[in-house]
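Have a look at the structure below before the remarks.
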Amino acid sequence: MDELDKMIWQTVDAIPYGQVMTYGQIAISCGYPGYARYVGTVLKKLPPDTHLPWHRVVNAQGRSSFPEGSEKYREQLQRLLAENIVVNNGKIALSVYQYQ
DNA sequence: AGTCTGACGGGAT
DNA sequence: TATCCCGCCAGAC
């Protein structure tokens, strides 16, 4: 799955500022439908100091997949807000911010 | 080989 | 809208 890992990195790296993509959507665009969970495991392996915009990846419900209240959860929302993305009660309007 | 664990998703209720 | 439940898939044991 090393090739897939690279494709996922590239896909995430290509998400424009101010927009987001879902795990499942990334898996599909990489040619691996059904690999949403794997996208998550790949992002989890990223080094803490990565430059990849991992915060632009949310789940199909338009929410952060980190436990509410956790450090990562707050960091992701903070980064999204910094990109002028509106977050209502932890929810992001995919109809507005999802990158196609 | 069997079981459990996730940064998941979708359908049923 | 909110749970709940089940299918999904690689990886760690």
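Residue numbers begin at 1 in each chain, while the letters A, B, ... track the order of the sequences.
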For [X], check salt bridge (Lys or Arg N to Asp or Glu O under 4.0 Å) against everything at least two apart and list the hits.
X	result
A/K91	none
A/E68	none
A/D5	A/K45

What closest approach, in Å, do [X] and [Y] show between heavy atoms, and which atom pair accounts for it?
X	Y	answer
A/W9	A/V42	NE1-CG1, 3.6 Å
A/S65	A/Q76	N-OE1, 4.3 Å
A/S64	A/L77	CB-CD1, 3.9 Å

ask   = Any side-chain heavy atom of A/Q25 sitting closer than 4.5 Å to one from A/Q100?
value = yes
remark   = CG (A/L80) and CD (A/E75) are apart, to the nearest 0.5 Å, by 10.5 Å
request  = Calculate, to the nearest 0.5 Å, the distance between atoms CG and CZ belonging to A/L94 and A/R63 respectively.
outcome  =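 Going from CG on A/L94 over to CZ on A/R63, the span is 11.0 Å.
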query = Residues from residues 64-73 of chain A sitting under 4.0 Å of DNA chain B, heavy atoms only?
reply = A/S65, A/F66
In a table with atom names and distances, give each donor-acceptor pair under 3.5 Å that connects a side chain of residues 49-58 of chain A to protein atoms at least two apart or in another chain.
| unit_1 | atom_1 | unit_2 | atom_2 | d |
| --- | --- | --- | --- | --- |
| A/T50 | OG1 | A/L52 | N | 3.0 |
| A/H55 | NE2 | A/E83 | OE2 | 2.8 |
| A/R56 | NE | A/E83 | OE1 | 3.0 |
| A/R56 | NE | A/E83 | OE2 | 3.1 |
| A/R56 | NH1 | A/I15 | O | 2.8 |
| A/R56 | NH2 | A/E83 | OE2 | 2.8 |

query = From the 5' end of DNA chain B to its 3' end, which nucleotides mark the outer limits of contact with chain A, defined by a 4.0 Å heavy-atom distance cut-off (strictly under)?
reply = B/dG6 to B/dG10
Return all side-chain donor-acceptor pairs below 3.5 angstrom for residues 27-36 of chain A, not counting sequence neighbours, or 'none' if the list is empty.
| unit_1 | atom_1 | unit_2 | atom_2 | d |
| --- | --- | --- | --- | --- |
| A/S29 | OG | A/I26 | O | 3.0 |

inquiry  = Under 4.0 Å, heavy atom to any atom of DNA chain C: which of residues 76-100 of chain A qualify?
reply    =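 Of all residues in residues 76-100 of chain A, none places a heavy atom under 4.0 Å from DNA chain C.
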ask   = Which ones in residues 15-53 of chain A lie close to DNA chain C, meaning a heavy atom under 4.0 Å from one of its atoms?
value = A/G34, A/Y35, A/R37, A/Y38
query = First contact, last contact: which nucleotides of DNA chain C are these for chain A, 5' to 3', heavy-atom distance under 4.0 Å?
reply =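 Nucleotide range with atoms under 4.0 Å of chain A: C/dG7 to C/dG11.
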ask   = Which ring-ring contact (aromatic ring centres under 6.0 Å, His included) pairs, counting each pair once, include a residue from residues 63-100 of chain A, with sequence neighbours left out?
value = none
query = Where do A/L43 and A/L46 land on the side-chain contact (heavy atoms from CB on, under 4.5 Å) test, with the steps shown first?
reply = CA-CA 5 Å; A/L43 293 187; A/L46 292 174; 3.8 Å; yes
request  = Could you tell me whether a side-chain N or O of A/R74 sits under 3.5 Å from a main-chain N or O of A/G69, the two making a donor and an acceptor?
outcome  =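 Yes.
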inquiry  = Per the salt bridge (Lys or Arg N to Asp or Glu O under 4.0 Å) rule, what does the pair list look like for residues 15-24 of chain A, sequence neighbours excluded?
reply    = none
